[in-house]
Amino acid sequence: MCSPGLAEIKDVVAANKETAMTEQPVRVRFAPSPTGYLHVGSARTALFNWLYARQKGGVFLLRIEDTDRQRSTKESIDAIFDGLRWLGLDWDEAPRYQSEHMETHRKAAQTMLELGVAYRDFSSDDEAETRRAADRKEGRVYRAAKMRALSAAESKRRAVAGEPFVLRFKVPAGGGSASFVDGVYGPLSRSFDEIEDFALLRSDGTPVYMLSVVCDDYEMRVTLVLRGQDHLTNTYKQILIYEALGWPIPNFAHLPLILAPDRSKLSKRKHGEVVSVGAYRDRGLLAAAFRNFIALLGWSPGDDREIMTVDELIAAFSIGGINKSNAVFNFDPADPKKWTDPKAIWMNGHYLSNMPLDALLPLVKSELGQAGLWDDRFEREDARQFAEIVALIRARFYSTKDFVTLGRPYFTEDFGIDPEAARKNLGEIAMPDLLDALANHLETASSFDLPTAESLVRGVAAVAGFKAGVVINGARTALTGQAVGPSMFHLMIALGRDRCVSRLRRCANRLRDERARATA
RNA sequence: GGUCCCUUCGUCUAGUGGCCCAGGACGCCAGCCUCUCACGUUGGUAGCACGGGUUCGACUCCCGUAGGGACCGCCA
């Protein structure tokens with residue numbers, strides 16, 4: 001039960017150094033800490049890791065950094081899983097929960113203490129605070145000189161006596177630097193003098209993030225750490241730990257950040273739902289479109305392609321194609337049409353209009369279901385008509401929510417008439433008669449197809465002495481309650497003869513009623 | 001404050017010394033199409049942060065300035 005001797009540890013360290021990192025299969029990880037939602041920046045990090053793994057035939061791992069117990073609720077963790085699943089980012093092994101490995105991390109710290117690369121800092125909070133302030137003022141980095149100088153025996157004696165301490169990494173003194181080659185930023189190095197003696201273990205003995213990441217990445221045999229640029233300066237400290245323990249150092253590549261229009265880091269606190277992946281799902285964005293959009297934030301395939309399938313993204317992805325500068329997420333909270341980046345909205349509309357209809361229908365079904373507009377006939381006897389309607393209206397929609405808002409009249413008889421549309425298109429005094437006439441002709445026509453519909457409408461207009469547009473626009477509003485929409489003749493065919501006739505008559509009667517009431 | 005990183009149209013970006021008086025996309029504007037609104041299409045608007053070098057030649061290399069960002073926690 002005794003801890004291994006120093007010589008033994010050194011042997012292990014030396015042996016570890018022999019293990020080359022190169023020829024191994026690619027293993028990358030996404031390591032979010034649960035915050036209650038999946039941040040778009042995190043989503044992008046996950047996506048890039050996933051793309052890399054899939055392209056290299058490697059493994060994409062998930063690690064939940066749940067050592068902050070308060071925030072790590074089940075809901076919080078599920079939000080991450082849900083977001084990833086929605087985006088189609090599947091992981092290859094069971095997720096690793098950081099909190100379950102604290103004991104291992106603590107042992108690594110213990111090893112560093114025994115190797116003499118870590119020391120116990122018995123400074124009180126106040127002392128440390130004062131010291132840190134002074135250091136900063138003089139441009140020095142935190143280094144508890146007195147504590148560093150404590151003899152091993154003295155240090156141990158005080159620890160055994162129960163004096164609280166935080167275990168710190170003993171950053172090498174007397175020159176030298178930590179360096180690595182970043183996949184995105186190139187060769188980077190930092191003088192040891194600029195690296196503070198960071199904490200490894202808290203005074204309650206629990207491991208600090210900096211230690212846990214290294215231990216977990218080591219144990220998960222991660223070959224490339226691809227993460228946000230906010231971790232760039234942490235990398236030096238982590239490398240120090242790898243080296244101290246003699247662990248093989250993975251490759252690193254850091255992603256530029258995603259900023260808000262005010263150039264600050266995107267945060268839910270400051271910027272609201274626009275940072276949360278869940279909001280995109282809830283607002284009717286398509287996962288494929290959103291994925292495509294965030295792939296282009298800070299990365300480009302190197303050519304002019306923008307609309308890319310997942311397979312194309314996988315094939316085209318490269319660390320070299322990642323940009324160095326931060327990307328600005330261009331949205332305007334004051335403008336509902338720009339609740340998120342307009343390009344994302346545009347791209348979603350593009351996907352909506354161009355994706356295979358069969359792939360869209362289930363999504364529309366789901367939307368209609370949630371809105372209480374779904375009718376089982378839509379996938380039975382009326383399936384064909386349903387598909388035609390969706391195909392007809394999707395061209396002018398930007399989100400799947402549009403199917404239940406703007407699209408409502410296409411799926412139910414229970415829809416209102418937009419007052420503005422009525423004012424614009426139904427004001428003509430003869431309108432009730434025109435609509436009735438059209439209804440009558442439609443009802444008795446020997447056939448019902450596109451040319452027939454068009455000639456009937458134009459015929460009614462001509463006979464009554466109106467321009468065709470008057471009847472066309474009036475009928476559109478009568479049929480859908482809206483002033484805008486698809487080609488009126490296509491609309492009639494999609495709706496079907498019976499519904500056209502009844503809606504036209506219903507509208508005509510309503511107009512007469514309104515006028516009667518107005519004059520009474 | 002210290003250290004480090006970044007800087008091409010409003011935004012996302014291509015560009016790795018001559019192919020660039022800078023290309024694509026979104027947005028915006030206009031024409032076309034047209035029964036409305038979209039879509040589509042055609043065209044337009046708009047950018048190499050600034051100043052010095054290096055070079056026959058600089059968006060591309062170097063140095064400075066300015067601006068932005070990250071980190072500097074017993075948070076992750």
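Every chain is numbered from 1, with letters handed out A, B, ... down the list of sequences. Scope of the values below: all heavy atoms of this structure, side chains included, with no hydrogens, waters or symmetry mates.
With A:E103 as the partner, the side-chain hydrogen bond (donor to acceptor under 3.5 Å, both in side chains) test is satisfied by one option alone out of A:K107, A:H105, A:H101, A:R106: A:R106.
The partner of B:G57 cannot be assigned: no Watson-Crick or G-U wobble pair with both contacts below 3.5 Å exists in any strand. B:G43: Watson-Crick or G-U partner is B:C29, with both key distances under 3.5 Å. With a cut-off of 3.5 Å on both pairing distances, the Watson-Crick or G-U wobble partner of B:A49 is B:U65. Judged by Watson-Crick or G-U wobble contacts below 3.5 Å, the nucleotide B:C9 has no partner. Base pairing analysis places B:G1 opposite B:C72; the two distances defining the Watson-Crick or G-U wobble pair are each below 3.5 Å. Of the nucleotides present, none pairs with B:A38 by Watson-Crick or G-U wobble criteria with both distances under 3.5 Å. Across the strands present, B:A14 finds no partner; the criterion is a Watson-Crick or G-U wobble pair with both atom distances under 3.5 angstrom. With both pairing distances under 3.5 Å, B:A22 is matched to nothing as a Watson-Crick or G-U wobble pair.
Distance from the side chain of A:K237 is smallest for B:C72 among the nucleotides B:C74, B:A76, B:C72. Which of B:C26, B:C74, B:G69 sits closest to the side chain of A:W346 comes down to B:C26. Minimum atom distance to the side chain of A:R190 is reached by B:G2, of the listed B:U36, B:G2, B:C5. Considering only the side chain of A:A199, B:C74 comes nearest among B:C37, B:C74, B:A25. Distance from the side chain of A:S33 is smallest to B:A76 among B:A76, B:G24, B:C72. Taking only side-chain atoms of A:R396, from C-beta outward, the nucleotide of B:U3, B:C35, B:U36 with the closest atom is B:U36. When each of B:C74, B:G27, B:C71 is scored by its nearest atom to the side-chain atoms of A:R168, the top-ranked nucleotide is B:C74. Set against B:A76, B:C5, B:G1, the side chain of A:Q98 has B:A76 as its closest nucleotide.
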Hey, mind stepping through A:Y119 and A:D197 against side-chain hydrogen bond (donor to acceptor under 3.5 Å, both in side chains) and telling me if it holds? CA-CA 9 Å; A:Y119 65 95; A:D197 282 351; 2.6 Å; yes
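B:A22 and B:A14 have their C1' atoms separated by 10 Å, given to the nearest Å. For B:C20 and B:U54, the P atoms lie 27 Å apart once the distance is rounded to whole Å. Comparing the C1' positions of B:A70 and B:A76 gives an interatomic distance of 15 Å, to the nearest angstrom. For the P atom pair drawn from B:C59 and B:C21, the interatomic distance equals 9 Å after rounding to whole Å. With both ends at atom C1', the span from B:U11 to B:G27 equals 8 Å, rounded to whole Å. Taking atom C1' on both nucleotides, B:C6 is separated from B:G40 by 39 Å, rounded to a whole Å. Comparing the C1' positions of B:U55 and B:C61 gives a spacing of 10 Å, expressed to the nearest Å. Rounded to whole Å, the separation between the C1' atoms of B:C56 and B:C4 comes to 37 Å.
For residues 169-183 of chain A, the set of pairs meeting the side chain to side chain donor-acceptor pair (under 3.5 Å) definition, not counting sequence neighbours, comprises A:D182-A:H254.
If you check every strand for non-hydrogen atoms under 4.0 Å, A:G228 touches nothing. Residue A:N425 is classed as having no contact, given no heavy-atom separation below 4.0 Å to the nucleic acid. At a threshold of 4.0 angstrom between heavy atoms, the contacts of A:H231 include nucleobase atoms, whether or not backbone atoms are also involved. Within the nucleic acid shown, A:T477 has no heavy atom closer than 4.0 Å to any nucleic acid atom. No contact: A:F397 has no heavy atom under 4.0 Å from any strand.
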Set out, line by line, the N/O atom pairs under 3.5 Å between protein and nucleotides 8-13 of chain B.
residue: B:U11; atom: OP1; partner: A:R263; partner atom: NH2; Å: 2.6
residue: B:U11; atom: O4'; partner: A:N330; partner atom: ND2; Å: 3.3
residue: B:U11; atom: O2'; partner: A:V328; partner atom: O; Å: 3.4
residue: B:C12; atom: OP1; partner: A:V328; partner atom: N; Å: 2.6
residue: B:C12; atom: O2'; partner: A:L296; partner atom: O; Å: 2.8
residue: B:C12; atom: O2; partner: A:K343; partner atom: NZ; Å: 3.3
residue: B:U13; atom: OP1; partner: A:G298; partner atom: N; Å: 2.3

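Taking side-chain N and O atoms only, A:R458 has a distance below 4.0 Å to OP1 or OP2 of B:C35. Side-chain N/O atoms of A:Y398 include none lying less than 4.0 angstrom from OP1 or OP2 on B:C37. The side chain of A:K424 contributes no N or O atom lying less than 4.0 Å from OP1 or OP2 of B:C35. Using a 4.0 Å cut-off, some side-chain N or O of A:T67 falls inside it from OP1 or OP2 of B:A76. Within the structure, a side-chain polar atom (N or O) of A:R132 is placed less than 4.0 Å from OP1 or OP2 of B:G73.
Between A:W346 and A:F293, a ring centre-to-centre spacing not shorter than 6.0 Å is recorded. Aromatic pair A:F317/A:F48: centroids less than 6.0 angstrom apart. Centroid-to-centroid, the aromatic rings of A:F192 and A:Y236 stay 6.0 Å apart or farther.
In the model, A:Q229 has a side-chain atom that pairs as donor or acceptor with a side-chain atom of A:Y185 under 3.5 Å.
Salt-bridge annotation for A:D341 and A:K343: absent, with no side-chain N of the basic residue lying under 4.0 Å from a carboxylate O of the acidic one. Between A:D217 and A:R29 there is a salt bridge, with a side-chain nitrogen of the basic residue lying less than 4.0 Å from a carboxylate oxygen of the acidic one.
Using cut-offs of 30° and 60° on the angle between ring planes, the pair A:F81 and A:Y97 is perpendicular.
Residue A:G469 is the one, among A:K265 and A:G469, whose nearest nucleotide of RNA chain B lies closer to the 5' end (criterion: closest heavy atom). Across the interface with RNA chain B, nearest-nucleotide mapping of A:A128 and A:K338 shows A:K338 to be the residue nearer the 5′ end.
Within the 3.5 Å criterion, the main-chain N or O of A:F198 finds no donor-acceptor partner in the side chain of A:E196.
Taking only distance into account, the side chain of A:T233 never meets the base of B:C4 through a donor-acceptor pair shorter than 3.5 Å. Taking only distance into account, the side chain of A:S353 never meets the base of B:C39 through a donor-acceptor pair shorter than 3.5 Å.
In this structure, CG of A:D418 is placed 12 Å from C1' of B:C37, rounded to the nearest angstrom. One can place CE of A:M488 at 12 Å from P of B:U36, the figure rounded to the nearest angstrom.
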